[in-house]
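Following: one structure in structure tokens, then a few remarks.
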Amino acid sequence: MVEPKSNELMEKIVSLCKRRGFIYPSSEIYGGINGFWDYGPLGAELKRHVKDAWWKDMVRLRDDVAGLEATIIMSPKIWQASGHVDTFSDPMIDCKTCKGRFRADQTDEIPCPQRPSKMVSQCQGEKTEPRAFNLMFQTYVGPVQDDSAVAYLRPETAQAIFAQFKNVLETSRQKVPFGIAQIGKAFRNEVTPRNYTFRSREFEQMELEYFIRPDEVVEAICGRVAKPSGNGHPGEPQPNWGWELWHKYWVEERLRFYEAVGLPRHTLVEYWQTPAELAHYARATVDILYKFPFSKRDEKGELKGEELEGIAARSDFDLSQHERFSGKPMGVFDEELRAAWAKLDKARQDELWKRYYETRKGYLERSGVAPEQASKDAAEDADGLAKGQYIPHVIEPSAGVDRLILALIADAYSEVTETDAKGKSETRVILKFHPRVAPIKVAVLPLLKNKPELVAKAQEVFNTLRAEMNTFYDDGGSIGRRYARQDEAGTPFCVTVDFETLEGMKEGALAGQKDTVTLRYRDDGRQERLPIGGLLDWLQARIR
RNA sequence: GCGGGCGUAGUUCAAUGGUAGAACGGCAGCCUUCCAAGCUGCACACGAGGGUUCGAUUCCCUUCGCCCGCUCCA
């Protein structure tokens, strides 16, 4: 089989998405707007099903996760605490001669790429004025547009979870370890949106912040922290898990999710960030990559994959930042810790105290707190252990919805070329979505349009199914044409009402029985016969 | 942001300094007893703005968008 060039494949996917109503360019009648995309009728259903699947797995089916839906615009102080304001407000200078881009405050320190003997500020290159490069979208709250009214569209959903941590903890009656989940829009003013919807300026995230006990607390309660042994899923969570096992657990849980919505394991890559790539506060980050057609290839010619999700072990950085910036305590009280601590011998208490103290002190000093103050604050934090108090650590599985949608479409895309009796060859497209996420679950079709009894019966079947799942009715054109239309929409099942539905089966196990329909499978065209009465159960078992 | 390429029906493509054709798709009707059958009819496009010209979809400029390579991606 000749593998289609990645470009050709992406072009086919893009035009199919437009043609069938999955994805359109935003504002297309005005020429479009770079980095923004709309979902059409089928795309909206697909996206909804994907988000529902995530929410069900992450929130409804778990005792230890609570949901949240926060605003897009929040206090600008949140973005100071998170570091987004500082990181993004650097003025940059472009050099028109060497095409380089440099931070305006570092032109005396960076050598010119073309003449390394000189610094950028001294080289002859023609440079632009310093320009502000902030990847956060800015707006103003209230009608007065001055600096005091500046606010930002959130560049990630995570921070709202940290900001509301205490409220959720209080009202959900959860105890650490537990998580807070959120699905919502986020905005980044990307320099170059690329690869169709993969890097958009407005996008949607599905994020979980899962709060766990620091390892010192686990040790105090359980004696020691269990270490990961071997590969694969570590199984049901245990009280003696430290951050490493929790991190591993969530990586495996998330991989299972992707497989459950139809991405085969071999299309995914589990990439462990190297120490150099890690954010300074992160202990480990695993990216789950999907091998998109536009992915770069490695030395062996294998697709390297592009990020769908990152699962980061972020220590207690985020809650600590918000504690420092807001002045509000972000710690929790843990009855088990207080009880366990009292039973530890002095040497053990001292040892755990010391380790917790060192970690806290390290964080505070890196955050710019003066050494003396840092020591004092860290000692206070460590004293809290005896009272059962600490700031939870967090494991953050953070997924991009739109990237997953694109991966699902790319993965579902398949072509079948058939040559008919006249020698005319024709290529049909089938989107092989997992039934759980397919936009339309079932299409109901009367075999013929000009037989009122068939149409009436088909309408009847349609009306019983549509209340329970996304059902589509179609009586236009030949039956084969309608099957083909559904194949292109990715509908896993078609139900056809024919004469045997009305008159009873002529032969087979259901001989003589009325009210049966043809059920046709999308992926291989296989057909079987089902009684109408059993249809709903049959379908529901397959779309869950 | 830089460099290169490209913008014609929904999609894929033609042609043209004198305002555009096709295929597929769509819609309506007829027909049709299971995988894009057939017949009839209908609708739909020169990305936007400016310039040159008697006249611009065609030439020029600007802009917007898409693709590729850099750059960026907390």
Side-chain angles (χ1 to χ4, degrees), chain A residues 5-8 10-12 14-21 24-37 40 79 82-90 92-102 113 128 131 133-136 155-156 158-159 188-196 198-201 277 279-282 294 296 306-307 310 416 418 420-422 424 426-430 445-451 454 475-488 494-503 506 517-522 524-527 529:
Chain A
K5 287 206 181 92
S6 66
N7 258 345
E8 288 174 24
M10 276 313 292
E11 278 167 25
K12 283 179 179 176
V14 170
S15 79
L16 175 76
C17 283
K18 176 83 188 296
R19 185 158 47 87
R20 280 296 169 191
Y24 312 124
S26 169
S27 320
E28 195 184 13
I29 60 168
Y30 292 104
I33 175 166
N34 193 338
F36 297 88
W37 302 90
W79 308 113
S82 68
H84 287 85
V85 171
D86 288 343
T87 326
F88 286 161
S89 54
D90 300 327
M92 304 289 277
I93 285 177
D94 288 311
C95 176
K96 291 180 179 170
T97 308
C98 72
K99 312 301 183 201
R101 171 174 292 161
F102 314 97
T128 62
R131 288 179 286 196
F133 260 74
N134 195 318
L135 293 197
M136 282 197 292
E156 60 173 40
Q159 293 305 321
R188 294 182 196 182
N189 224 336
E190 297 287 353
V191 175
T192 313
R194 274 289 164 91
N195 291 325
Y196 201 27
F198 184 79
R199 177 168 296 132
S200 302
R201 289 185 162 131
E277 291 170 306
H280 67 83
Y281 47 78
F294 52 78
K296 301 269 192 307
E306 304 290 333
E307 185 183 346
V416 179
E418 280 161 351
D420 66 16
K422 296 171 199 152
K424 201 175 85 176
E426 200 169 53
T427 299
R428 291 189 301 121
V429 172
I430 306 178
L445 321 165
L447 183 60
L448 297 176
K449 188 185 184 179
N450 62 356
K451 297 285 183 291
L454 289 179
D475 60 14
S478 71
I479 190 72
R481 179 187 215 75
R482 282 175 276 156
Y483 285 150
R485 280 200 278 250
Q486 292 307 314
D487 287 347
E488 245 185 19
C494 286
V495 162
T496 303
V497 171
D498 56 26
F499 291 97
E500 287 185 283
T501 307
L502 305 174
E503 295 158 7
K506 294 198 178 77
V517 289
T518 300
L519 187 123
R520 182 244 187 204
Y521 292 86
R522 171 196 63 201
D524 52 13
R526 197 157 41 93
Q527 298 193 345
R529 203 77 196 176

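So you know, we letter chains A, B, ... as the sequences are listed, proteins then strands, and number each from 1.
For B:U11, the OP1/OP2 oxygens have a side-chain nitrogen or oxygen of A:Lys18 closer than 4.0 Å. Residue A:Asn450 places at least one side-chain N or O under 4.0 Å from the OP1 or OP2 atom of B:U32. When the side-chain nitrogen and oxygen atoms of A:Lys449 are compared with OP1 and OP2 of B:G29, one or more of them lie within a distance under 4.0 Å.
At the heavy-atom level, A:Tyr196 lies under 4.0 Å from the strands shown only through sugar-phosphate atoms. Residue-level contact check: A:Thr192 touches the bases, meaning some heavy atom is under 4.0 Å from a base atom. At a threshold of 4.0 angstrom between heavy atoms, the contacts of A:Asp498 include nucleobase atoms, whether or not backbone atoms are also involved. Among the heavy atoms of the strands lying under 4.0 Å from A:Glu488 is at least one base atom, whether or not backbone atoms are also near. At the heavy-atom level, A:Glu500 lies nowhere under 4.0 Å from the strands shown. If you check every strand for non-hydrogen atoms under 4.0 Å, A:Asp487 touches nothing.
The base of B:C34 is paired with the side chain of A:Gln527 by a donor and an acceptor separated by under 3.5 Å. Counting atom types as modelled, A:Arg520 pairs a side-chain N or O with a base atom of B:C35 as donor and acceptor under 3.5 Å. A:Arg20 contributes no side-chain N or O that forms a donor-acceptor pair with the base of B:G25 under 3.5 Å.
Rounded to a whole Å, the CZ atom of A:Arg485 is 9 Å from the P atom of B:G25.
Stem regions annotated for RNA chain B: B:1-7 with B:64-70, B:10-13 with B:21-24, B:26-30 with B:38-42, B:47-51 with B:59-63, counting only runs of 3 or more consecutive pairs of Watson-Crick or G-U type with both contacts under 3.5 Å.
Residue A:Arg428 places its side chain closer to B:A36 than to any other of B:C73, B:A36, B:U11.
Salt bridge present: A:Glu28 and A:Lys18 bring a charged side-chain N and a carboxylate O closer than 4.0 Å.
Here A:Leu445 contributes atom CG and A:Leu454 contributes atom CG; the two are 11.5 Å apart, rounded to the nearest 0.5 Å.
In this structure, A:Phe198 has its ring center under 6.0 Å from that of A:Phe294.
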